[in-house]
Engineer: 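Let me give you the structure first, and then I'll get to my questions.
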Protein chains: 2
Amino acid sequence: MNMRKLVGRNFARLRKESGLSQEQVAERADLTQQYISGIETGKRNPTIETLYAIAKAFGVSHVELVLPDGHDD
Amino acid sequence: MNMRKLVGRNFARLRKESGLSQEQVAERADLTQQYISGIETGKRNPTIETLYAIAKAFGVSHVELVLPDGHDD
DNA sequence: GTGTGACTCAGAGTCCGTA
DNA sequence: ATACGGACTCTGAGTCACA
């Protein structure tokens, strides 16, 4: 289980469903667009507090961001 | 939602249900008792990879460690 | 059997620019 | 609108001695 990639996939999918851009999410979560990009591409290893902040930023539960999706990489 | 305390409560509860001491969990997870203590007391802000590591070492899903419990602090 | 403070070092997260 | 890179600061990872 690659947690970075799992969170990245979940995040990118949910964000797109919400219709928000990385820039908009970054502003709401008080983070940078570059950092959001790093999360979605699986390069970053966010803390649980950051996870919660970004989940809240587009109105989903932080639990959804860590739910396994069968990809298993 | 205080994520540190939430994870701490979840971890402590699951650990006690299993009947193991912090020392025993630490040994299984190849970590120190002090580190486990820091998680349970909400002093640490673990990354998602650390979260996954301790969950796995303890035999529960990482999802269980972040599930809200109604405490809301 | 558990919690605290101090520690080293790697990485979280920033800002700049750029493509 | 997104991703990459360097240089930067601050905090998390993980430990030890001790309360």
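Throughout, protein chains are lettered first and strands after them, A, B, ... in sequence-line order, and every chain is numbered starting at 1. Not measured: the values here are computed from a predicted model.
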Engineer: Please tell me which of L31(B) and E23(A) maps to the more 5' nucleotide of DNA chain D, matching each residue to the nucleotide holding its nearest heavy atom.
Structural biologist: E23(A)
Engineer: Does T32(A) put a side-chain nitrogen or oxygen below 4.0 Å from OP1 or OP2 of dT14(C)?
Structural biologist: yes
Engineer: State whether a side-chain donor-acceptor pair under 3.5 Å links E23(B) with Q33(B).
Structural biologist: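 E23(B) vs Q33(B): no donor-acceptor pair found between side chains.
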Engineer: Picking from R13(A), R15(A), K5(A), what satisfies salt bridge (Lys or Arg N to Asp or Glu O under 4.0 Å) with E40(A)?
Structural biologist: R15(A)
Engineer: Please determine whether a side-chain nitrogen or oxygen atom of Q34(B) lies at a distance below 4.0 Å from atom OP1 or OP2 of dG5(C).
Structural biologist: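 No.
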Engineer: Within less than 4.0 Å of OP1 or OP2 of dG11(C), is there a side-chain N or O belonging to T47(B)?
Structural biologist: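 No.
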Engineer: Within this structure, what is the CG-to-P distance between N45(B) and dA12(C), rounded to whole angstrom?
Structural biologist: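 After rounding, the gap between these two atoms is 12 Å.
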Engineer: Could you give the CD1-to-C1' distance, from I48(B) to dA12(C), as a whole number of Å?
Structural biologist: 12 Å
Engineer: What is the distance, to the nearest angstrom, from the OH atom on Y35(A) to the C1' atom on dC16(C)?
Structural biologist: 19 Å
Engineer: Go nucleotide by nucleotide along DNA chain C from the 5' end; which of E49(B) and S21(B) gets its closest nucleotide reached first?
Structural biologist: S21(B)
Engineer: Out of N45(A), I39(A), N2(A), which residue meets the side-chain contact (heavy atoms from CB on, under 4.5 Å) rule with V7(A)?
Structural biologist: I39(A)
Engineer: Verify the neighbour count for atom CD of E27(A): are there more than 12 heavy atoms of other residues, nucleotides or ligands below 6.0 Å?
Structural biologist: no
Engineer: Strictly below 4.0 Å: does K43(B) bring a side-chain N or O up to OP1 or OP2 of dT4(C)?
Structural biologist: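 Checking K43(B) against dT4(C): at least one side-chain N or O falls below 4.0 Å of OP1 or OP2.
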Engineer: Angle between the end axes of the helix from dT2(C)-dA19(D) to dA19(C)-dT2(D), five pairs per end, to the nearest 10 degrees?
Structural biologist: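 Overall, the helix from dT2(C)-dA19(D) to dA19(C)-dT2(D) bends by 50° from one end axis to the other.
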Engineer: Provide the closest heavy-atom pair for V25(B) versus F11(B) in the form atom of the first, atom of the second, distance.
Structural biologist: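 Closest approach of V25(B) to F11(B): CG1-CZ, 3.9 Å.
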Engineer: Using a 4.0 Å cut-off to any heavy atom of chain B, which nucleotides of DNA chain D are the first and last in contact, reading 5' to 3'?
Structural biologist: dG12(D) to dC18(D)
Engineer: As a quick check of understanding, evaluate side chain to side chain contact (heavy atoms under 4.5 Å, CB included) for H62(B) and M1(A), giving each step before the final call.
Structural biologist: CA-CA 11 Å; H62(B) 60 276; M1(A) 178 88 71; 4.1 Å; yes
Engineer: Take atom CD of E40(A) and atom C1' of dG13(C), then tell me their distance rounded to the nearest Å.
Structural biologist: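 Interatomic distance, CD of E40(A) to C1' of dG13(C): 16 Å.
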Engineer: OP1 or OP2 of dT2(C) versus the side-chain N and O atoms of S37(B): is any pair under 4.0 Å?
Structural biologist: no
Engineer: Between N10(B) and L67(B), is there a donor-acceptor pair closer than 3.5 Å when you use the side chain of the first and the backbone of the second?
Structural biologist: yes
Engineer: Q24(B) CD to dG1(C) C1': how many Å, rounded?
Structural biologist: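 After rounding, the reported distance stands at 10 Å.
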Engineer: Shortest non-hydrogen contact from G19(B) to Q24(B)?
Structural biologist: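 So the two residues come closest at O-OE1, 4.1 Å.
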Engineer: Would you say that more than 12 heavy atoms from the other residues, nucleotides or ligands in this model lie under 6.0 Å from the CD of Q34(B), or not?
Structural biologist: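 Count over threshold, so yes.
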Engineer: May I ask you to verify whether the side chain of R44(A) and the base of dG11(C) hold a donor-acceptor pair under 3.5 Å?
Structural biologist: no
